[in-house]
Amino acid sequence: MSIPVPQDFNKVLYQTLAEADPEVQQIIDNETYRQFSGLELIASENLTSLATMQANGSILTNKYSEGLPGARYYGGNEYVDQLERLTQKRALEAFDLDPNVWGVNVQPYSGSTANFAAFTALIQPQDRVMGLGLPDGGHLTHGYYTAKKKITASSIYFQSLPYQVKKDTGYIDYELLRTNANLFKPRLLVCGGSAYPRDWDYKLLYEIAQSQGAYLLCDMAHVSGLVAAKELNNPFEYCDVVTTTTHKTLRGPRAGLIFFRKDRESDIEARVNAAVFPACQGGPHNNTIAGVAVALKQVIDPAFKQYAAQVRANAQALAKKLGSYNYHLQTEGTENHLILWDLRPIGLTGSKIEKICELAHITLNKNAVSGDTSAVVPGGIRIGTGALTSRSMYEKDMEVVGEFLHRAVEIAGVLQKEAGSKLLKDFVAKATTGDGEGRKLIEQLKADVKDFATKFPLPGVPDTSVIKAPAN
Ligand code: PLP
């Protein structure tokens, strides 16, 4: 016999979301429609599974568990300990790692906190770091600063000298990196990026790090799903520490992981664990860790290898389609899930294409391309195929997506003429409230995108017929 729901001040605890908070429910419904009716091309995003979302939304959100399995600061962690150990085991298995050589901390709230905790574990405040510069495809947390401001904690608390890609080819300039490392003498060399369409030479990076007595950290956030599927080079062969987010090509919930190599320094495990908690974080988000565990089980499944191979095949098919219009892609193509499209040769900026695409329900982001002089007006856009592949799109579908993107460029040309200036604000005004040809073409593109996108399933929603367009 079940205990009846109380009729007092606790009644609210038993209502569904739709009953308790229709306003939030409506926002979620609208976002569901947006994801279903649009094309998600943001390279750092993906669409996670129903099971992952169920774990993420579970009762585990209630539990405090500061510390590690078997050594908590709170009682009642019998099952949370099981969960965290299972997640650690799956994380090592997903990347084919020997538990005698590698350990993992699964508690980071996100990729940024994972990176800051890894820095904290490996080096001292004001030590020197070198990572790929943000305008060259690196991430903010790898030491980014500008001439005017130290932007992130990684440049506020550490001395940073970024390395670059070659301006002519877009590939990492390893020789210049070696020369500058000899001069700068970093304590930590960071590899991995957010907008680099090529694979990494971990062996060479390790040699450079070794020559300086520096640690080598790989932030494989973007490509971790492809690494797990052995579609790309393996950073674990050379690096001391490997960090990742869990929500990009790994297709889990939003969180981070830190892998550390135990056979080079005996205290590294203790240092990484102490850096996560109590140095940088408080209690782990156990509901998210459960979501990570579920996603990792899916990564270990052979089907994930097919997914990862398709992500790459789709990126290549899309690159080929864009190439057929003679567009310039940085590095002339891609080896992973992302494409960096240089719009400067056709006289456009990333902001303009991002805006048109957004109005037509294609989501992507403006991005700096090598040689950009202003970070405010980046000359390119970044496109990824992780999410579209999760919607079961294949190479033939990338042809259609490539054609939509080509139409966006053509519309930009029309709008630029209508605006009569190159200013973004005039362009946006014509695109959003104009009554000219450009605006009509955007509406047509939006309708075609919707027709196309709604033919594909949406992960997490087994019955798409329940998805409703917003009332307004
Ligand atoms: N590292 C890399 C390479 C990233 O691309 C990102 C985010 O895009 C992060 C770290 C930060 O992850 P999060 O947003 O989870 O903090």
Side-chain angles (χ1 to χ4, degrees), residues 40-48 52 56 91 105-120 122 129-144 151-155 158 160 162-163 165 172 188-200 202 205 216-228 232-233 235 239 241-259 275-276 280-281 284-285 287-289 291-292 295 311 334 336-340 363-368 378 381-387:
E40 183 51 72
L41 283 167
I42 293 186
S44 50
E45 290 186 15
N46 210 329
L47 308 169
T48 198
T52 298
N56 207 20
N105 186 301
V106 301
Q107 295 187 3
Y109 302 145
S110 81
S112 303
T113 51
N115 283 344
F116 197 71
F119 279 40
T120 305
L122 292 172
V129 301
M130 291 182 81
L132 182 62
L134 182 81
D136 290 77
H139 189 252
L140 285 162
T141 55
H142 300 177
Y144 182 58
I151 306 281
T152 74
S154 59
S155 64
F158 303 96
S160 156
Y163 54 91
V165 296
I172 291 185
L188 175 64
L189 180 57
V190 182
C191 57
S194 300
Y196 187 58
R198 295 288 160 182
D199 209 348
W200 293 75
Y202 300 111
L205 287 156
L216 180 60
L217 182 158
C218 174
D219 174 357
M220 60 168 184
H222 261 264
V223 295
S224 53
L226 307 182
V227 169
L232 293 177
N233 293 339
C239 298
V241 167
V242 177
T243 59
T244 185
T245 54
T246 49
H247 46 274
K248 300 188 171 74
T249 50
L250 209 56
R251 210 163 57 174
R254 316 193 73 80
L257 301 171
I258 306 177
F259 295 89
V276 174
C280 297
Q281 291 190 174
H285 295 177
N287 53 318
T288 310
I289 292 176
V292 171
V311 168
T334 175
N336 54 29
H337 64 303
L338 73 84
I339 294 165
L340 206 51
T363 326
L364 45 73
N365 65 287
K366 57 182 173 290
N367 213 98
I381 52 171
R382 187 185 66 160
I383 301 170
T385 53

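In each ligand, atom 1 is the first atom listed, and ligand 1 is the first ligand listed. Residue numbers run from 1 in the order of the sequence given.
At least one side-chain heavy atom of V241 sits under 4.5 Å from a side-chain heavy atom of L122.
Of the possible donor and acceptor atoms, one in the side chain of Q281 sits under 3.5 Å from a partner among the backbone N and O of Y109.
To the nearest 0.5 Å, atom CG of residue L189 and atom OH of residue Y163 are 5.5 Å apart.
Applying side-chain contact (heavy atoms from CB on, under 4.5 Å) to T243 and the options N105, L217, T113, T141 leaves one that passes, L217.
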Which pairs would a plain distance check flag for residues 251-258, meaning a side-chain donor or acceptor within less than 3.5 Å of a matching protein atom at least two apart in sequence or in another chain?
| from | atom 1 | to | atom 2 | distance (Å) |
| --- | --- | --- | --- | --- |
| R251 | NH1 | S390 | OG | 3.0 |

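Between the side chains of N336 and H222, no donor-acceptor pair is found at a separation under 3.5 Å.
Residues with a heavy atom under 4.0 Å from ligand 1: S110, G111, S112, N115, H139, G193, S194, D219, A221, H222, T245, H247, K248.
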